[in-house]
Amino acid sequence: MEKQYPVYTLKNECNDCYKCIRGCHIKAIRIQGGSASVINDKCIACGHCVTICPAGAKKVRNDIDVVKALFLTGKKVYVSLAPSWAGVYNISKEKMIAALKKLGFAGVSETALGAQEVSIQTAKQLNQAEKGLFISSACPVIDDYIRLYKPEFAKCITPIASPALTHCGLLKDMLGDDIKVVFIGPCIAKKNEADENPDLMSAALTFDELNYWIKEEFIDIEAIEPDETCKFIPEDSYEGALYPIEGGMNETIKRVGIDKDDVTFIGVSSLES
Ligand code: SF4
Ligand code: SF4
């Protein structure tokens, strides 16, 4: 069966208001068979149409069953947890880890560890590079936007894997190539990253999917009692946790250390910037 793209239209729910067509910044939606359909090879999975559709007809692919199928393989499945979890869930990290383990995950690690590694690699490249423009983003939406719609800047993207993919690689180096890693975070576009890099990232779930799954399993995350094993592996992150904050990536690169005094950092947020 053909794999569903991360963002799609539930045609029966669409009321043909065309708000999504007007709202998609890159015109990746067209009328097809009478309803507003996403053009898969143009869409960068920013999720804007899902947010603005008044009928709830624009949907995000649900990958919970993909993760449950990974559990059935008997392989250990670890979570790469995006740093923004702390702003979404008002619970301790121990409770968060306990809830994820109760779902069936073998352990939880912070994606921020991958972000820290990306900052180290980026600082190294900047220190060695000739003068020029360098673009780095933790967000696959931005990378895809530049590659598809601003190809003249594609050569400026630093050739370093994203924090999430870097983190998946670090976990496999540490725990063995046989483990599976599932990213959990706010980002729909990580599903594209998982689809394109299945050897590193087996699936990506959004916080909405996680909430649904926790509810489905009747897990009370506030009441859950963590045990002594409920710790991030291999350790807590430090600067990498700044990544979700605007300019956070630049800040971590500066903290790693830039030898030159003529480097200017600019933080850009959103497709409208
Ligand atoms: S915004 Fe929603 S209801 Fe309106 S055309 Fe798009 S998918 Fe259909
Ligand atoms: S997810 Fe973003 S890029 Fe894709 S169709 Fe919706 S608004 Fe356009």
Side-chain angles (χ1 to χ4, degrees), residues 1-67 80 82 84-85 87-88 111 135-154 156-157 161-165 182-198 201 203-212 243-244 246 249 267-273:
M1 200 174 77
E2 200 184 328
K3 194 163 184 180
Q4 192 170 47
Y5 189 78
V7 179
Y8 63 98
T9 310
L10 212 53
K11 294 190 176 174
N12 294 343
E13 305 278 323
C14 174
N15 62 19
D16 300 328
C17 71
Y18 303 147
K19 204 172 170 186
C20 58
I21 295 180
R22 290 191 298 276
C24 176
H25 301 293
I26 51 163
K27 308 293 170 219
I29 304 175
R30 69 174 168 211
I31 305 294
Q32 204 176 33
S35 59
S37 302
V38 176
I39 310 166
N40 294 350
D41 54 4
K42 284 193 158 191
C43 171
I44 53 174
C46 72
H48 184 58
C49 57
V50 180
T51 310
I52 62 171
C53 172
K58 281 280 181 283
K59 296 288 182 195
V60 177
R61 187 183 74 208
N62 185 318
D63 287 319
I64 295 172
D65 284 343
V66 173
V67 181
S80 171
S84 50
W85 80 267
V88 175
T111 316
I135 301 174
S136 184
S137 173
C139 175
V141 170
I142 300 303
D143 273 10
D144 287 346
Y145 174 72
I146 293 170
R147 285 183 220 283
L148 286 170
Y149 300 102
K150 300 283 177 192
E152 65 274 27
F153 292 109
C156 303
I157 299 174
S162 73
L165 290 177
V182 173
F183 172 86
I184 301 179
C187 176
I188 297 168
K190 289 286 191 298
K191 290 178 183 288
N192 273 343
E193 266 194 313
D195 290 353
E196 287 160 14
N197 302 277
M201 189 192 289
L205 300 181
T206 63
F207 288 135
D208 284 344
E209 285 167 279
L210 178 63
N211 292 339
Y212 177 88
Y243 261 60
E246 192 169 330
M249 183 181 198
V268 180
S269 288
S270 98
L271 282 175
E272 285 120 299
S273 296

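Whatever order the structure lists ligands and atoms in, that order sets their numbers, starting from 1. Quantities reported herein were computed from a predicted structural model and do not represent experimental measurements.
Distance alone, capped at 3.5 Å, places no donor-acceptor pair between the K59 side chain and the Y8 backbone. T9 contributes a side-chain N or O that, together with a main-chain N or O of A36, makes up a donor-acceptor pair within less than 3.5 Å. Between the Y5 side chain and the V38 main chain, no donor and acceptor come within less than 3.5 Å of each other.
Residue contact check: C53 has heavy atoms under 4.0 Å from atoms 1 (S), 2 (Fe), 3 (S), 7 (S) of ligand 1. Within ligand 1, the atoms closer than 4.0 Å to a non-hydrogen atom of N15 are 3 (S), 4 (Fe), 8 (Fe), numbered from 1 in the order shown.
The protein atom (non-hydrogen) at minimum distance from atom 5 (S) of ligand 1 is Y18 N, 3.1 Å. Given atom 7 (S) of ligand 1, the protein heavy atom at minimum distance is K58 NZ, 3.4 Å. Looking only at protein heavy atoms, the nearest one to atom 1 (S) of ligand 1 is C20 N, 3.4 Å.
Residue contacts with ligand 2, taken as heavy atom pairs separated by less than 4.0 Å, involve I26 solely via side-chain atoms from C-beta onward.
Ligand 1 is never approached by S35 to a heavy-atom distance shorter than 4.0 Å.
The OG atom of S80 sits 9.0 Å away from the CG atom of L165 when rounded to the nearest 0.5 Å.
Atom 2 (Fe) of ligand 2 has C46 among its coordinating residues (N/O/S atom, backbone or side chain, under 2.8 Å). Checking C17 against atom 4 (Fe) of ligand 1, an N/O/S atom falls under the 2.8 Å cut-off.
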